[in-house]
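Everything on this sheet refers to the single structure shown next.
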Amino acid sequence: MITIALPKGRLFKKTDELLRRCGYNLTLGERQLVAEEQNNELRAILVKNVDLPTYVHHGIAGLGVCGSDVIYESGYEFYELLTLPFGSTQICLAGPREDTARPEDAAMLRVATKFTRFTRDAFHQRGIPVNVIRLNGSVELAPVLGLAPYIVDLVETGSTLKAHDLEVKETLGETTVQLIANPAFYKYHFEVVQRFVQRLRDALEMEHRVG
Ligand code: PRP
């Protein structure tokens with residue numbers, strides 16, 4: 001049986017739909033965080049996005065579905081087996097709409113973000129000094145309340161930025177959703193994992209052809 005870690009929240013629904021199309025019908029009782037399916041081929045554990053790499057790194061789950069942003073922040077190494085065709089977003093530097101200064105001209109760029117590793121690396125690679133302030137959510141409040149003039153955050157529709165009079169100053173990258181494997185699990189269960197990945201690939205290809 002494969003144990004897969006799935007993120008609670010918006011990515012769960014999409015992943016569950018895909019697994020159902022592959023014939024894995026997970027049943028999850030109310031408020032339950034472990035789901036199994038009838039054929040006992042797959043067991044899913046539902047965890048908070050940010051904790052998902054920890055479960056896969058320690059081998060509690062052999063596989064996981066996780067955003068590339070969260071994988072990068074974790075610092076752990078995984079095998080990335082498949083890019084899923086949903087949940088991709090832009091990761092951007094944003095600041096007040098009325099501010100016309102170029103962020104990179106600041107003597108020290110002050111940025112609030114959940115993505116501290118990504119932000120440090122992105123600006124240090126360009127030789128831009130950056131002071132990163134870690135927040136765990138509602139990052140858009142930082143410029144509004146004066147904690148930091150800039151944020152680095154995911155932007156999907158842009159409506160959260162707009163609601164706080166902020167705008168994208170620069171797109172720093174794109175995040176994707178990855179099917180990841182614990183490297184040791186992958187090596188020891190190579191065939192089972194390959195079969196699982198192939199089922200996902202076939203379902204995605206079928207959907208692509210029909211859609
Ligand atoms: C994410 C992200 C932005 C928002 C972007 O937040 O951190 O705040 O969505 O979406 P939009 O461009 O469509 O408005 P999330 O809902 O995960 O909450 P959080 O920031 O409190 O973690």
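First listed ligand is number 1; within each ligand, the first listed atom is number 1. All residue numbers in this chain count up from 1 along the given sequence.
Each of the following atoms of ligand 1 lies closer than 4.0 Å to a heavy atom of Leu154: 2 (C), 3 (C), 5 (C). Close contacts of ligand 1 with Lys114, meaning ligand atoms under 4.0 Å from a residue heavy atom, involve 7 (O), 19 (P), 20 (O), 22 (O). Interface of Asp153 with ligand 1, defined as ligand atoms under 4.0 Å from a residue heavy atom, comprises 2 (C), 3 (C), 7 (O), 8 (O). Of all atoms in ligand 1, listed by their number and element, those nearer than 4.0 Å to a heavy atom of Val155 are 12 (O). Within ligand 1, the atoms closer than 4.0 Å to a non-hydrogen atom of Glu140 are 3 (C), 8 (O), numbered from 1 in the order shown. Interface atoms of ligand 1 facing Ser159, defined by a heavy-atom separation under 4.0 Å, are 12 (O), 14 (O). Atoms of ligand 1 lying under 4.0 Å from any heavy atom of Thr157, numbered from 1 in the order shown and given with element: 11 (P), 12 (O), 13 (O), 14 (O).
If you look at Arg10 next to ligand 1, the close heavy atoms, those under 4.0 Å, all belong to the side chain. In Thr160, the parts holding a heavy atom less than 4.0 Å from any atom of ligand 1 are both the side chain and the backbone.
Leu26 and Phe86 fall within the same hydrophobic cluster, where Ile, Leu, Val, Met, Phe, Trp and Tyr residues are linked whenever their side-chain heavy atoms come under 4.5 Å apart, directly or through other members.
Put simply, CD on Glu207 and CG on Leu18 are 7.5 Å apart, with the number rounded to the nearest 0.5 Å. To the nearest 0.5 Å, the span separating CD on Gln198 from CG on Leu81 amounts to 12.0 Å.
Thr83 and Gln178 form a side-chain donor-acceptor contact under 3.5 Å, judged by distance and modelled atom types alone.
Stacking of Arg134 on the aromatic ring of Phe115 is not recorded, the 6.0 Å distance cut-off and the 45° axial limit not both being met.
Close N/O approach between Gly137 and ligand 1 is not found [any backbone or side-chain N/O within under 3.5 Å].
Considering only non-hydrogen protein atoms, atom 21 (O) of ligand 1 sits nearest to Ser138 N, 3.1 Å.
Counting protein heavy atoms under 4.0 angstrom from atom 18 (O) of ligand 1 gives zero.
Side-chain atoms of Val177 and Ser68, non-hydrogen and from C-beta on, never get closer than 4.5 Å to each other. Side-chain contact between Leu6 and Leu52 is absent, with no heavy-atom pair separated by less than 4.5 Å.
With respect to the salt-bridge test (charged N to carboxylate O, under 4.0 angstrom), the residues Lys13 and Glu17 qualify.
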